[in-house]
Amino acid sequence: EDGDNSGTGKVRKPIPGRPSSPMTGAPLRRKDLVSIELSRAEGSSGNVTCSVSGKAITTQNAIAIGKTGKVMLADVYEMLAKPDMACPVTGRKFKEKDVIQLAKAGSGYAGG
(Lines give C-alpha, C1' and ligand atoms only; values in the text may rest on other atoms or scores of the structure.)
Protein backbone atom coordinates (compact mmCIF):
# COMPACT_ATOMS: atom_id res chain seq x y z
CA GLU A 1 0.00 0.00 0.00
CA ASP A 2 1.07 3.55 -0.60
CA GLY A 3 -0.42 4.82 2.66
CA ASP A 4 -3.06 6.82 0.87
CA ASN A 5 -6.69 5.96 1.53
CA SER A 6 -8.15 8.05 -1.30
CA GLY A 7 -7.60 5.31 -3.87
CA THR A 8 -5.75 7.61 -6.28
CA GLY A 9 -2.36 6.05 -5.70
CA LYS A 10 -0.84 9.47 -4.98
CA VAL A 11 1.03 9.99 -1.76
CA ARG A 12 -0.09 13.12 0.07
CA LYS A 13 2.48 15.60 1.26
CA PRO A 14 2.76 15.83 5.04
CA ILE A 15 1.02 18.75 6.71
CA PRO A 16 3.62 21.37 7.64
CA GLY A 17 4.30 22.06 11.29
CA ARG A 18 3.36 25.72 10.93
CA PRO A 19 1.16 27.46 8.36
CA SER A 20 2.98 29.68 5.92
CA SER A 21 2.66 33.43 5.59
CA PRO A 22 0.43 34.45 2.68
CA MET A 23 2.81 37.35 2.01
CA THR A 24 6.24 35.67 2.12
CA GLY A 25 5.54 31.93 2.11
CA ALA A 26 7.82 31.52 5.15
CA PRO A 27 6.48 29.60 8.16
CA LEU A 28 4.59 31.86 10.58
CA ARG A 29 5.92 32.46 14.06
CA ARG A 30 3.85 33.37 17.11
CA LYS A 31 5.49 36.81 17.28
CA ASP A 32 4.35 37.46 13.68
CA LEU A 33 0.68 37.23 14.72
CA VAL A 34 -1.27 40.29 15.88
CA SER A 35 -4.42 40.27 17.96
CA ILE A 36 -7.05 42.72 16.73
CA GLU A 37 -10.20 43.98 18.41
CA LEU A 38 -13.26 44.06 16.16
CA SER A 39 -16.04 46.44 17.15
CA ARG A 40 -19.50 45.36 16.05
CA ALA A 41 -22.61 47.45 15.47
CA GLU A 42 -25.30 46.94 18.08
CA GLY A 43 -28.30 44.99 16.88
CA SER A 44 -26.75 44.24 13.51
CA SER A 45 -25.97 40.90 11.99
CA GLY A 46 -22.30 41.22 12.79
CA ASN A 47 -21.20 44.28 10.83
CA VAL A 48 -17.71 45.33 11.88
CA THR A 49 -17.42 49.03 12.70
CA CYS A 50 -14.60 51.56 12.88
CA SER A 51 -13.29 51.80 16.46
CA VAL A 52 -13.12 55.59 16.16
CA SER A 53 -16.10 56.74 14.08
CA GLY A 54 -18.48 53.84 14.65
CA LYS A 55 -19.22 53.65 10.90
CA ALA A 56 -19.71 50.19 9.39
CA ILE A 57 -16.71 48.83 7.52
CA THR A 58 -17.98 47.10 4.41
CA THR A 59 -15.92 47.54 1.24
CA GLN A 60 -13.92 50.61 2.33
CA ASN A 61 -10.19 50.52 2.97
CA ALA A 62 -9.45 49.73 6.60
CA ILE A 63 -6.33 49.43 8.74
CA ALA A 64 -5.42 47.91 12.08
CA ILE A 65 -2.84 49.30 14.47
CA GLY A 66 -0.78 46.33 15.59
CA LYS A 67 0.20 47.74 19.00
CA THR A 68 -3.36 48.49 20.08
CA GLY A 69 -5.37 46.04 17.96
CA LYS A 70 -7.83 48.78 16.98
CA VAL A 71 -9.41 48.62 13.51
CA MET A 72 -10.43 51.81 11.73
CA LEU A 73 -11.32 53.18 8.35
CA ALA A 74 -8.29 54.28 6.35
CA ASP A 75 -9.58 57.84 5.94
CA VAL A 76 -10.13 58.12 9.72
CA TYR A 77 -6.58 56.88 10.23
CA GLU A 78 -5.22 59.49 7.79
CA MET A 79 -7.10 62.35 9.50
CA LEU A 80 -6.83 61.44 13.19
CA ALA A 81 -4.10 58.89 13.87
CA LYS A 82 -1.36 59.45 11.30
CA PRO A 83 -0.57 63.13 12.06
CA ASP A 84 0.36 62.38 15.71
CA MET A 85 1.19 58.68 15.21
CA ALA A 86 -1.02 57.94 18.21
CA CYS A 87 -4.10 55.75 18.43
CA PRO A 88 -7.20 57.98 18.71
CA VAL A 89 -8.88 55.45 21.02
CA THR A 90 -6.07 54.52 23.42
CA GLY A 91 -3.61 57.40 22.94
CA ARG A 92 -0.79 54.88 22.56
CA LYS A 93 2.02 55.91 20.20
CA PHE A 94 2.86 53.66 17.24
CA LYS A 95 5.18 53.54 14.25
CA GLU A 96 4.38 53.22 10.55
CA LYS A 97 5.47 49.56 10.67
CA ASP A 98 2.65 48.88 13.19
CA VAL A 99 -0.03 49.86 10.64
CA ILE A 100 -1.57 46.84 8.90
CA GLN A 101 -3.57 47.34 5.69
CA LEU A 102 -6.59 45.02 5.85
CA ALA A 103 -7.92 43.24 2.78
CA LYS A 104 -11.23 44.53 1.46
CA ALA A 105 -14.26 42.29 1.36
CA GLY A 106 -16.20 41.83 -1.83
CA SER A 107 -19.47 43.67 -2.26
CA GLY A 108 -21.48 40.55 -3.01
CA TYR A 109 -22.72 42.21 -6.19
CA ALA A 110 -22.00 40.32 -9.36
CA GLY A 111 -22.18 42.78 -12.22
CA GLY A 112 -23.05 41.35 -15.57
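Note that the structure is predicted; figures quoted are calculated from it, not measured. Atom set for the values below is all heavy atoms of this structure, side chains included, hydrogens, waters and symmetry mates excluded.
- Residues passing the side chain to side chain contact (heavy atoms under 4.5 Å, CB included) test with Q101 are N61, I63, sequence neighbours excluded.
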message: Assess the residue pair L102 and V71 against the criterion (side-chain contact (heavy atoms from CB on, under 4.5 Å)); give the C-alpha distance rounded to whole Å, side-chain angles, the decisive distance to 0.1 Å, and a yes or no.
response: CA-CA 9 Å; L102 301 178; V71 175; 3.7 Å; yes

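- Note that CD1 of I57 and OG of S51 are 7.0 Å apart. Values are rounded to the nearest 0.5 Å.
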Show me the side-chain donor-acceptor pairs of residues 26-33 shorter than 3.5 Å, one per line, residues at least two apart or across chains.
from : atom 1 : to  : atom 2 : distance (Å)
R29  : NE     : D32 : OD2    : 3.2
R29  : NH2    : D32 : OD1    : 3.1
D32  : OD2    : R29 : N      : 3.0

Side-chain polar contacts of residues 72-81 - donor-acceptor pairs under 3.5 angstrom, sequence neighbours left out - could you list them?
none

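- In this structure, the side-chain hydrogen bond (donor to acceptor under 3.5 Å, both in side chains) partners of E37, at least two apart in sequence or on a different chain, are K70.
- From L38, atom CG reaches atom CZ of R40 across 5.5 Å, with rounding to the nearest 0.5 Å.
- Note that CD1 of I36 is 12.0 Å distant from CD1 of I65, once rounded to the nearest 0.5 Å.
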Cut-off 3.5 Å, no hydrogens considered: what does the side-chain donor-acceptor table look like for residues 85-99, sequence neighbours left out?
from : atom 1 : to  : atom 2 : distance (Å)
T90  : OG1    : R92 : N      : 3.2
R92  : NH1    : K67 : O      : 2.9
K93  : NZ     : D84 : O      : 3.1
D98  : OD2    : K95 : N      : 2.9

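- Evaluation of the salt bridge (Lys or Arg N to Asp or Glu O under 4.0 Å) test over residues 49-64, restricted to residues two or more places apart or in two chains, returns none.
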